[in-house]
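Everything on this sheet refers to the single structure shown next.
Residues take their numbers from the sequence shown, with the count starting at 1. A quick note: this is a predicted structure, and the numbers were derived from the prediction, not measured. Side-chain atoms are counted along with the backbone in the values below, which use heavy atoms only and exclude waters and symmetry mates.
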Amino acid sequence: VQLQASGGGLVQAGGSLRLSCAASGRSFSSKPMGWFRQAPGKEREFVAGINWSGVITRYADSVQGRFTVSRDNAKNSVDLQMNSLKPVDTAVYYCATGASVTGLARKEVDYWGQGTLVTVSS
């Protein structure tokens with residue numbers, strides 16, 4: 001089982017990035033998926049979650065209205081569209097899966113993916 005995040009990079013404040021997470025080894029089409037981030041010196045925090053069908057989403061207050069999570073079950077992938085980026089969004093972003101979106105928001109994770117670094121310059 002492997003979750004691989006990609007799409008990170010350096011962007012100026014106010015810019016956009018789109019992260020993707022590809023799953024391999026098994027299908028996650030029936031599982032909730034989530035995005036987390038960890039800034040230097042800080043704990044890993046929940047960013048966004050999406051249920052298996054994509055109907056239910058949940059966001060951290062700090063990204064609500066700026067970030068959008070989506071998924072493509074046919075491709076076994078989940079994306080995070082990040083707009084209006086701020087320097088405080090700088091972190092390593094991880095995708096993960098769990099039993100429920102609510103559980104993901106509590107950092108109840110079954111599998112963690114490898115992260116991708118997002119750097120937002122001021």
Side-chain angles (χ1 to χ4, degrees):
V1 176
Q2 188 172 15
L3 299 173
Q4 181 64 58
S6 61
L10 174 64
V11 63
Q12 289 188 334
S16 299
L17 277 177
R18 188 176 185 90
L19 306 183
S20 292
C21 175
S24 61
R26 58 162 286 183
S27 173
F28 287 93
S29 61
S30 64
K31 301 287 287 184
M33 301 291 291
W35 286 96
F36 295 75
R37 67 186 182 187
Q38 187 167 18
K42 295 189 176 181
E43 291 188 359
R44 193 170 299 187
E45 64 176 357
F46 171 80
V47 174
I50 187 168
N51 78 322
W52 71 273
S53 67
V55 171
I56 298 173
T57 58
R58 182 167 176 170
Y59 298 93
D61 290 343
S62 58
V63 307
Q64 181 76 48
R66 299 188 298 122
F67 291 11
T68 302
V69 61
S70 61
R71 67 189 298 160
D72 185 336
N73 288 336
K75 296 181 179 179
N76 217 20
S77 65
V78 60
D79 289 352
L80 184 68
Q81 177 66 42
M82 306 186 295
N83 298 329
S84 302
L85 283 161
K86 306 174 182 179
V88 295
D89 295 318
T90 295
V92 176
Y93 284 72
Y94 300 86
C95 59
T97 185
S100 68
V101 174
T102 300
L104 287 171
R106 296 195 296 259
K107 291 190 285 187
E108 295 170 0
V109 171
D110 294 334
Y111 294 105
W112 288 103
Q114 295 184 356
T116 185
L117 176 63
V118 172
T119 304
V120 184
S121 63
S122 57

[X] to [Y] - nearest heavy-atom pair and separation:
{"X": "L17", "Y": "G7", "answer": "CD2-O, 3.8 Å"}
{"X": "S84", "Y": "S16", "answer": "N-OG, 4.4 Å"}
{"X": "A60", "Y": "F46", "answer": "CB-O, 3.4 Å"}
{"X": "S121", "Y": "L10", "answer": "CB-CD1, 4.3 Å"}

Transitive ILVMFWY side-chain link V69 to F36, under 4.5 Å
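No: no chain of side-chain contacts under 4.5 Å links V69 to F36.
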
With side chain to side chain contact (heavy atoms under 4.5 Å, CB included) as the criterion, how do L80 and V47 come out once you've worked through the C-alpha distance, each side chain's angles and the decisive distance to 0.1 Å?
CA-CA 10 Å; L80 184 68; V47 174; 4.2 Å; yes

Whether D79 and R18 form a salt bridge (side-chain N of Lys/Arg under 4.0 Å from carboxylate O of Asp/Glu) is what I want to check.
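Counted as a salt bridge, because a side-chain N and a carboxylate O are separated by less than 4.0 Å.
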
Just so I know, are the side chains of F28 and N73 near enough to count as touching, which here means a heavy-atom distance under 4.5 Å?
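No - every pair of side-chain heavy atoms lies 4.5 Å or more apart.
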
[atom2] on [Y] to [atom1] on [X], rounded to 0.5 Å:
{"X": "C21", "Y": "M33", "atom1": "SG", "atom2": "CE", "value": "4.5 Å"}
{"X": "R71", "Y": "S29", "atom1": "CZ", "atom2": "OG", "value": "7.0 Å"}
{"X": "I56", "Y": "I50", "atom1": "CD1", "atom2": "CD1", "value": "10.0 Å"}

Under a 3.5 Å distance rule, please check whether K31 uses its side chain to pair with a backbone N or O of N51 as donor and acceptor.
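No; zero donor-acceptor contacts below 3.5 Å.
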
Can you tell me if N83 uses its side chain to pair, donor with acceptor, with the backbone of F67 under 3.5 Å?
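Pair absent, no side-chain N/O of N83 close to backbone of F67.
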
Apply the test side chain to side chain contact (heavy atoms under 4.5 Å, CB included) to residues S20 and S6: give CA-CA distance (whole Å), side-chain angles for both, the deciding distance (0.1 Å), then the verdict.
CA-CA 5 Å; S20 292; S6 61; 4.0 Å; yes

Please say whether more than 12 non-hydrogen atoms of neighbouring residues, nucleotides or ligands are located less than 6.0 Å from NZ in K107.
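Yes, the 6.0 Å shell around NZ holds more than 12 heavy atoms from other groups.
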
Under 3.5 Å, which donor-acceptor pairs do the side chains of residues 85-104 form with other protein atoms, sequence neighbours left out?
residue: D89; atom: OD1; partner: R37; partner atom: NH1; Å: 2.9
residue: D89; atom: OD1; partner: R66; partner atom: NH2; Å: 3.0
residue: D89; atom: OD2; partner: R66; partner atom: NH1; Å: 2.8
residue: D89; atom: OD2; partner: R66; partner atom: NH2; Å: 3.4
residue: D89; atom: OD2; partner: K86; partner atom: N; Å: 2.8
residue: T90; atom: OG1; partner: P87; partner atom: O; Å: 2.9
residue: T90; atom: OG1; partner: V120; partner atom: N; Å: 2.9
residue: T90; atom: OG1; partner: V120; partner atom: O; Å: 3.4
residue: Y93; atom: OH; partner: R37; partner atom: NH1; Å: 3.0
residue: Y93; atom: OH; partner: D89; partner atom: O; Å: 2.6
residue: T97; atom: OG1; partner: P32; partner atom: O; Å: 2.8
residue: S100; atom: OG; partner: G103; partner atom: N; Å: 2.8

Residues 108-118 side chain polar contacts: donor-acceptor under 3.5 Å, at least two apart:
residue: E108; atom: OE1; partner: R106; partner atom: NH2; Å: 3.4
residue: E108; atom: OE2; partner: R106; partner atom: NE; Å: 3.0
residue: T116; atom: OG1; partner: G8; partner atom: N; Å: 3.0

